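To keep things clear, I will list the structure first and then write my remarks on it.
Numbers restart at 1 for each chain; the letters A, B, ... are given by sequence-line order, proteins then strands. In this text the structure is predicted, and so the values were computed from the model without any measurement.
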2 protein chains.
Amino acid sequence: MSRSGADLALLLLGGYRKLVEAVVAELEVRGYPDARPVLEFAMRAIDAGADSASELGRRLSVSKQAAAKTIATLVERGYVDTEVDPSDRRRKRVRVTDRGHALMREGEAIFDELRDEWARTLGADGLARLERDLAAVVGDSPLRVEAAGWAAQES
Amino acid sequence: MSRSGADLALLLLGGYRKLVEAVVAELEVRGYPDARPVLEFAMRAIDAGADSASELGRRLSVSKQAAAKTIATLVERGYVDTEVDPSDRRRKRVRVTDRGHALMREGEAIFDELRDEWARTLGADGLARLERDLAAVVGDSPLRVEAAGWAAQES
DNA sequence: AGGGTTGGACAACCACGTTGTCGATATCCG
DNA sequence: CGGATATCGACAACGTGGTTGTCCAACCCT
């Protein structure tokens, strides 16, 4: 029944976690043991044009330092590389590598499979309604992924 | 439209954050500047019978050490107190204080107000459907609140 | 009595975020 | 042209909420 507002929050969080944990787990199986949601979302933003730490920070509504750290681990893991911008030598241009793109493709595929599963239990129109209602209520607010610890450990 | 599975995840997370951020912000206004979601949820569990660190850890699907830390900060802030269990001197019984109960009441009230707001934009039946669908899809899985950093700073 | 299990404490660590400061470039403007 | 100002990235310290691992004391069972 879930009459309480707090339960509603938990339900929402539960849905998110369910999805994302499944994706991370499946990505691990498919050869990306170090995929983390933050990294996924950051790569999306980078690919969509946030090609520097400061810019990435802005897009993700996060400090540029946090963005820089994320980029550092992305580079470390080979999902992204950087080169100094010849037209502005302060900047380092960030680009998603082939491996990075491969990861993104896999991630999207898994996400979509999961969504299809939901569509199966809710009905296609049920899912559409869920998404519409959710969108109505949360608005198009900036993303802000983070949600840090949620699945930091594999367990 | 949000056709992608990843967007669905973001929508869910967005909903959760929207709710919880508002609650924390409002609690701050109402005189609980140090209320954190983890604390709220932990208090609920304690009040519902998880009266020791180990037990709380189990209920929240979290290590007993993590639970102990949470209890420590709860004690520090005066929301909870402990006493050794006379019938088992290893245990420390945890109990929510009056101030803790007050906080919980406020929190619930705010959560419910927010839920009412949602009901206003979605319609009562729309919200009910949302909750039902969500419950169907996430199941009655264990809570696992955490979602750590999400609002660690007040900004 | 004596061994296994459980509760809590302590320490080290990880992931992700924050501020603050700094030097090096770019840009704007008088 | 040249100096003030803004921006970029780096580094450091810290906060929050997790994780392991180890340890001792207390409990329970045979």
Taking [atom1] from [X] and [atom2] from [N], how many angstroms apart are they, rounded to a whole number?
X	N	atom1	atom2	result
Leu13(B)	dC16(C)	CG	P	14 Å
Asp51(B)	dT6(C)	CG	P	17 Å
Ile71(A)	dC8(D)	CD1	P	12 Å
Leu56(A)	dT7(D)	CG	C1'	16 Å
Asp85(B)	dC28(D)	CG	P	10 Å
Phe41(A)	dC16(C)	CZ	P	12 Å
Glu55(A)	dA6(D)	CD	C1'	16 Å
Leu74(A)	dA15(C)	CG	C1'	14 Å

Is the shortest side-chain N/O distance from [X] to OP1 or OP2 of [N] below 4.0 Å?
X	N	value
Arg58(A)	dC8(D)	yes
Arg36(B)	dG17(D)	yes
Ser54(A)	dT7(D)	no
Ser52(B)	dG7(C)	no
Lys92(A)	dA10(D)	yes
Arg89(B)	dC27(D)	yes

Residues [X] and [Y] bridged, charged N to O under 4.0 Å:
X	Y	result
Arg36(B)	Glu40(B)	no
Arg91(B)	Glu83(B)	no
Lys92(B)	Asp85(B)	no
Arg115(A)	Glu108(A)	no

Base, sugar-phosphate, or nothing: which does [X] touch, judged by heavy atoms less than 4.0 Å apart?
X	answer
Gln65(B)	base
Ala68(A)	nothing
Thr70(A)	sugar-phosphate

Query raised in the report: Looking only at N and O atoms, is any donor in the side chain of Arg90(B) or the base of dT6(C) less than 3.5 Å from an acceptor on the other one?
Result: yes
Query raised in the report: Does any donor-acceptor pair link the side chain of Lys64(B) with the base of dG8(C) at a separation under 3.5 Å?
Result: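 Such a pair exists between side chain and base.
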**Report entry** Test applied, side chain to side chain contact (heavy atoms under 4.5 Å, CB included); reference residue, Thr82(A); option that passes from Val75(A), Leu74(A), Asp51(A)
**Finding:**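 It is Val75(A), the one option of Val75(A), Leu74(A), Asp51(A) that forms the side chain to side chain contact (heavy atoms under 4.5 Å, CB included) with Thr82(A).
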Report task. From the options dC16(C), dG7(C), dC27(D), select the nucleotide whose nearest atom is closest to the side chain of Arg91(B). Result ->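 Nucleotide nearest to Arg91(B)'s side chain: dG7(C).
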Report task. Could you check Met104(A) against Arg99(A) for side-chain contact (heavy atoms from CB on, under 4.5 Å), going step by step and ending with a plain yes or no? Result -> CA-CA 9 Å; Met104(A) 288 175 66; Arg99(A) 177 170 164 73; over 6 Å; no
Requested in this report: Return the 5'-most residue of the pair Ser87(A), Thr73(A) with respect to DNA chain C, ranking by each residue's nearest nucleotide.
Outcome: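 This one resolves to Thr73(A).
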